[in-house]
Every structure is written in structure tokens, then in C-alpha cells.
Amino acid sequence: VARHVTVVMLFKGRRAHDGDDHAVLARTDRRVALTLSLYVLSLIPALIFDDLGNVLAVSGSIGGSCLSYLGPGGCYLAIHGDAFLEMVSRGRW
């Protein structure tokens with residue numbers, strides 16, 4: 001999954017976005033470089049930090065903050081989505 005997302009971000013082709021990674025990764029040097037860079041990027045935090053609890057705490061707090069900001073708006077749109085779209089189409093907030 002990480003390699004597919006990286007391919008779509010780096011090589012912004014429609015074929016890569018549609019799931020045809022082979023169009024981009026057919027070249028062995030690209031595939032090896034991409035896989036090696038993802039491996040090294042995941043290895044560096046493991047080598048630097050003795051206790052990954054701090055890393056997990058930071059990623060959890062970022063994820064929790066995103067959910068606390070997006071969750072209430074998502075619930076509102078799930079309940080009152082049609083009324084919201086009607087207000088937006090009339091230009092009244």
C-alpha cells in the first residue's frame with residue numbers, strides 16, 4: 001500500500017492512480033529504489049528511538065486531534081446533510 005501511494009504521489013500519472021503500478025514499476029531501478037527508500041524510512045525511527053512509545057504517543061495524539069475536529073462535523077453532515085446542502089446551494093450559511 002505504501003509503495004502504491006508513493007508511486008501515485010511521485011509519478012502523477014493516471015495509470016498509476018488507477019492501480020496499474022506496473023506501468024511505473026516496470027523499470028527495476030525504480031522499483032528497487034522505491035522499496036529501499038521506504039525500508040530505510042521505516043528503519044530510521046526504529047534505530048533512533050529506544051522506546052517507540054513516544055513515537056506512538058505523538059502519532060496517536062495527531063490522529064486523535066484530527067478525529068476530534070472532523071468527527072463532529074461528519075456527524076452533523078450525516079444527520080443534517082440534505083439541509084446543509086440546501087443552505088449551501090442558496091448561499092446562506
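Just so you know, these numbers use all the heavy atoms, side chains as well, and skip hydrogens, waters and symmetry mates. Just so you know, residue 1 is the first one in the sequence shown, and it goes up from there.
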Kindly compute the distance separating [atom1] ([X]) from [atom2] ([Y]), expressed to the nearest 0.5 Å.
X   : Y   : atom1 : atom2 : value
L38 : L43 : CG    : CG    : 12.5 Å
L67 : I62 : CG    : CD1   : 12.5 Å
L34 : Y39 : CG    : OH    : 15.5 Å

* **Main-chain N/O of V32 paired to T35 side chain as donor or acceptor, under 3.5 Å** =>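 Not confirmed, T35 side chain does not pair with V32 backbone.
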* For L70, enumerate each residue passing the side-chain contact (heavy atoms from CB on, under 4.5 Å) test, keeping only those at least two apart in sequence or located in another chain. =>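 Once residues adjacent in sequence are excluded, L70 has no partner under the side-chain contact (heavy atoms from CB on, under 4.5 Å) criterion.
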* Pair F84 and H80, ring centroids less than 6.0 Å apart -> no
* Asked: Would a hydrophobic clustering, with Ile, Leu, Val, Met, Phe, Trp and Tyr connected at side-chain separations under 4.5 Å, put V40 with I48?
  -> yes
* Linking I/L/V/M/F/W/Y whenever any side-chain heavy atoms sit under 4.5 Å apart, do L77 and V88 land together? ->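 Cluster IDs for L77 and V88 match.
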